[in-house]
Amino acid sequence: MYVYLDNAATSRFKPQGVYDALIYDLKHSANSGRSGHADAVNAGLKMEECRAYLLGALGGEGTHSVIFTKSCTEALNLALFGFIKGGEHVLTTANEHNAVLRPLYELKSRRMISLEVLEQEDDGSIDISKLKEAAKHADIAIFGGVCNVTGATLDIAEVAKIVKEEGCTLIIDGAQTVPLIDIRLEDMGIDMLACAGHKGLHGLQGTGFLVVKNGTPLRPLVYGGTGTYSDSVIQPVDIPEGFEAGTQFSGGIAALTEGARWSFEHAPATRKLFRQLAEKALYDLKNIGCTLYSANSDSGVIAFNIGDADSGYVASLLDSEGIAVRSGLHCAPLVHRKFGTLAQGMVRVSLGVETTPRDMLYFANAVSRIAAKVL
Ligand code: PMP
């Protein structure tokens with residue numbers, strides 16, 4: 001039996017449309033937005049179709065634009081390095097991934113921003129009243145909706161309301177959030193949303209995007225050929241072309257339309273599945289005597305340890321039984337600082353849309369055998 005429980009790193013399931021779109025693009029390889037022949041034009045149109053689909057699904061039609069990137073990390077870098085002018089006070093939380101924290105700490109070390117990082121509570125959640133107070137002093141607020149380590153969720157609608165009332169620019173890290181948490185870009189006042197294509201949207205690694213509210217002053221990170229204004233040596237700054245210099249991953253983007261379409265359509269069923277399976281898993285892990293770092297199960301992400309056993313050792317024992325999980329520090333140092341697990345790490349289980357109750361039973365039995373050995 002093989003059980004893949006590492007979907008927060010990258011989702012294993014890809015809908016058939018993703019395979020079909022990628023293979024079609026490979027068979028008709030052409031450089032989108034550059035040449036004028038039919039296949040090149042068609043590849044460009046497929047990219048436009050993806051932008052339109054994402055904006056519709058995220059509630060940003062007519063108000064926001066999509067810039068394709070190679071990852072959520074690149075999208076977050078663009079949102080921060082491309083937007084911050086210097087002198088801003090930025091608010092974030094200790095639940096964030098290094099894709100948010102490292103750009104912020106770099107900007108802080110360059111003395112470009114001042115930074116406030118809200119600590120988590122003991123259950124991993126962020127205290128909304130503290131966030132409300134801190135937002136009063138912030139120019140920019142940047143948060144994820146789901147912590148990639150513990151699965152703790154942040155109510156994006158509530159938080160957006162608070163920070164927008166204080167006049168902050170709001171940036172959301174959607175890597176673990178979309179489409180599990182409903183995002184309505186315009187209604188919620190979200191200025192920028194960074195997202196990965198290869199996680200909850202069931203597309204390919206090497207795809208990501210930044211959605212930007214029209215009119216947001218942004219500078220490109222990457223300079224080069226855009227297929228536009230080619231008589232000039234100066235980088236255009238029109239969104240999206242000016243921000244997508246270089247040959248694009250048109251096959252990945254065409255596949256992303258299909259992955260995203262499937263994922264948004266199935267989001268209600270996915271939420272239900274994750275809640276049911278994760279609730280049971282939390283119950284089982286607790287009964288076995290594991291240390292749990294996840295209080296809620298809605299996101300399908302659960303972090304635990306078995307006694308003081310190294311998380312890598314536990315993950316390797318699970319791997320030898322055909323169960324793929326992730327161990328270590330999950331690129332989120334401030335979560336491990338909070339829970340005292342910088343040395344031990346945490347074992348993280350993340351459910352996928354194909355995970356079954358039988359998979360979870362197999363997993364719980366394996367953990368139980370390891371615990372009998374280790375505890
Ligand atoms: N933010 C969070 C919360 C994540 O979990 C990840 C990926 N682990 C990222 C950002 C970065 O995504 P990517 O690796 O696709 O750049």
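In listed order, ligands and their atoms are each counted from 1.
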Inset, instruction - Name the closest protein heavy atom to atom 15 (O) of ligand 1, giving the residue it belongs to and the distance to 0.1 Å. - result: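 So the nearest neighbour among protein heavy atoms is H198 NE2, 2.8 Å.
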Is the contact between [X] and ligand 1 made by the side chain, the backbone, both, or neither, using heavy atoms and a 4.0 Å cut-off?
X   : answer
T73 : both
A99 : side chain
E96 : neither

Per-atom contacts, ligand 1 versus [X] - under 4.0 Å to a heavy atom:
X    : answer
A196 : 15 (O)
Q176 : 3 (C), 4 (C), 5 (O)
A175 : 1 (N), 2 (C), 4 (C), 6 (C), 9 (C), 10 (C)

Legend entry - Geometric class of the F209/F68 ring pair [parallel <30°, tilted 30-60°, perpendicular >60°]: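 Perpendicular.
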Inset, instruction - Would you mind checking if K161 and E165 are paired as a salt bridge, meaning a charged N to carboxylate O distance below 4.0 Å? - result: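 A salt bridge is present here (some side-chain N lies under 4.0 Å from a carboxylate O).
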Legend entry - Carboxylate-amine/guanidinium proximity below 4.0 Å for R261 and E49: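 Looking at E49 together with R261, the answer is yes, because their closest N to O distance falls below 4.0 Å.
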Legend entry - Under 3.5 Å donor-acceptor, D139 side chain and E88 backbone: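 Judged by distance alone, no pair lies under 3.5 Å.
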Inset, instruction - Check for a donor-acceptor pair, side chain of Q344 on one end and backbone N or O of L342 on the other, with a separation under 3.5 Å. - result: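 No: the side chain of Q344 does not pair with the backbone of L342.
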